[in-house]
Number of protein chains: 2
Amino acid sequence: MEKRINISIIEDDYVIRNGIEVYFQTQELFNEIYSFESVESFFETVEKEKLIVDVVLTDIGLPGMSGIEGIKLIKEKLKITDIIMLTVFKDENRIFKSICAGATGYLLKGTPFPEITEAIKIIRLGGSYMSPAIARKVIEYFNPPKQKNESELSSRERQIIQALVDGLSYKMIGDRLSISIDTVRFHIKNIYLKLQVNSKTEVISKSLKGEI
Amino acid sequence: MEKRINISIIEDDYVIRNGIEVYFQTQELFNEIYSFESVESFFETVEKEKLIVDVVLTDIGLPGMSGIEGIKLIKEKLKITDIIMLTVFKDENRIFKSICAGATGYLLKGTPFPEITEAIKIIRLGGSYMSPAIARKVIEYFNPPKQKNESELSSRERQIIQALVDGLSYKMIGDRLSISIDTVRFHIKNIYLKLQVNSKTEVISKSLKGEI
DNA sequence: ATCAAACCCACATGTTGATGTAGTTACTTA
DNA sequence: TAAGTAACTACATCAACATGTGGGTTTGAT
């Protein structure tokens with residue numbers, strides 16, 4: 001790692017912020033270490049003093065703008081692409097919002113400082129790093145836990161699924177199968193129960209992915 | 001880590017297989033260490049000798065059945081849920097196929113043995129572990145880098161398509177991407193124009209058939 | 001006879017999807 | 001400067017969807 005980096009910490013908890021800052025000061029990896037207690041103050045100072053920041057390590061629960069909301073601004077206005085979340089939140093909503101907004105790392109609070117430093121190095125080298133529990137949730141997004149046994153689907157239900165996949169509306173399905181639109185709805189409701197989904201989109205997606 | 005584990009290596013390259021095996025023998029983490037050069041021989045022996053295997057570490061490019069194809073069988077027939085890929089392949093197709101098939105780890109060849117061991121521990125504790133370059137690709141699934149129009153679709157449009165394929169409603173898409181539902185509708189309308197389709201179903205179908 | 005499963009049907013209501021219209025901002029380019 | 005591009009937002013309208021409620025018939029098993 002030849003090039004030393006400028007890092008900015010955004011964390012409202014003083015003890016944590018100071019702890020990280022002090023530790024980072026012992027590391028040769030870092031050239032400049034900035035720290036702020038909110039996204040707003042980060043922006044104010046970075047823009048006023050024209051600071052060069054390579055990596056942002058940010059909390060999510062912050063006064064004012066959340067860390068997630070800050071990602072978009074940081075990327076657009078400052079062209080900083082290495083943004084790492086450091087947070088207590090491990091819910092899927094925040095994980096995926098952060099990642100979709102462009103975070104390249106997601107660490108849970110309590111991660112040892114050497115591991116945080118290692119994650120920053122990895123990200124600087126073009127990789128990504130997630131705390132293991134986060135990585136598991138991301139992976140499970142692609143392989144959700146097992147469903148109710150789809151073989152419980154009746155013959156009629158399978159016909160209806162195929163028609164959905166073919167792009168037919170309820171009305172057209174009724175025409176094709178010579179049943180009323182209400183009967184189509186009736187079957188679809190049962191399909192949703194059995195597959196534990198809530199929309200025809202999910203049925204279609206599952207079917208085309210071979211999960212049914 | 002109180003409980004020592006039984007691990008099985010499936011790797012056709014003798015040097016690599018033997019190297020890992022010898023190293024694992026120096027680790028207290030492992031109770032039994034099995035190794036095979038193919039999925040078929042793995043199955044034959046595990047079933048014949050009724051071996052208990054906790055974790056499978058498998059290559060992808062194997063003689064006969066590929067490691068990816070093996071995941072499904074290993075999960076269904078042997079109820080083994082901790083399957084880690086160790087492979088040279090870093091293409092998205094194989095990454096996502098492996099993960100969708102149920103792999104809970106994905107390591108690139110060349111990963112130092114101590115790191116492999118660490119990954120196994122993490123996975124055993126309920127987390128997941130990916131080599132950094134793999135983690136980056138997984139993250140980029142949710143936030144594709146901007147591309148100079150190889151296709152007509154913008155980066156945002158591609159994000160939205162991905163979300164449609166994942167079965168999200170407009171409202172949920174807006175929530176995830178932090179935009180309004182009307183903006184979602186706006187993008188979807190443009191997607192329909194560009195793809196010359198009239199419904200989500202057609203978009204999903206095209207996407208899953210690889211036509212987008 | 002009763003029950004469960006499968007299939008069928010109707011009505012009611014609120015939500016979501018599809019489409020059209022209008023507007024804004026920021027940036028780039030001719 | 002104007003035009004183009006990308007992303008964003010809102011409103012309006014109607015069709016389609018999702019869900020709840022109520023009812024029916026047939027078949028097979030108990």
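Lettering follows sequence order; numbering is per chain, from 1. Note that the structure is a prediction, hence the values are computed from the model and not measured.
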Can you check the [X] [atom1] to [N] [atom2] distance for me, whole Å?
| X | N | atom1 | atom2 | value |
| --- | --- | --- | --- | --- |
| B:I188 | D:dT9 | CD1 | P | 14 Å |
| B:M172 | C:dT15 | CE | P | 16 Å |
| A:L153 | C:dA6 | CG | C1' | 13 Å |
| A:I191 | D:dT19 | CD1 | C1' | 15 Å |
| A:Y192 | C:dT16 | OH | P | 13 Å |
| A:K171 | C:dG17 | NZ | C1' | 17 Å |
| B:N190 | C:dT19 | CG | P | 12 Å |

Heavy atoms of other groups near B:I52 CD1, more than 12 under 6.0 Å: no
Touch class at under 4.0 angstrom, heavy-atom based, for A:K200 against every strand present: sugar-phosphate
Sugar-phosphate, base or nothing in reach of B:N198, heavy atoms under 4.0 Å: sugar-phosphate
Whether A:Y141 and A:F96 hold their rings parallel, tilted or perpendicular, with breakpoints at 30° and 60°: tilted
Mutual orientation of the aromatic rings belonging to A:F113 and A:Y23 [parallel < 30°, tilted 30-60°, perpendicular > 60°]: tilted
Residues B:Y129 and B:E115: side-chain donor-acceptor under 3.5 angstrom: yes
Which atom of B:K206 lies closest to which atom of B:L195, heavy atoms considered: CE-O, 3.8 Å
Under 4.0 Å protein heavy-atom contact, by nucleotide of nucleotides 7-12 of chain C - B base, S sugar-phosphate only: BBBBB-
Under 3.5 Å: donor-acceptor pair, side chain of B:E157, backbone of B:H187: no
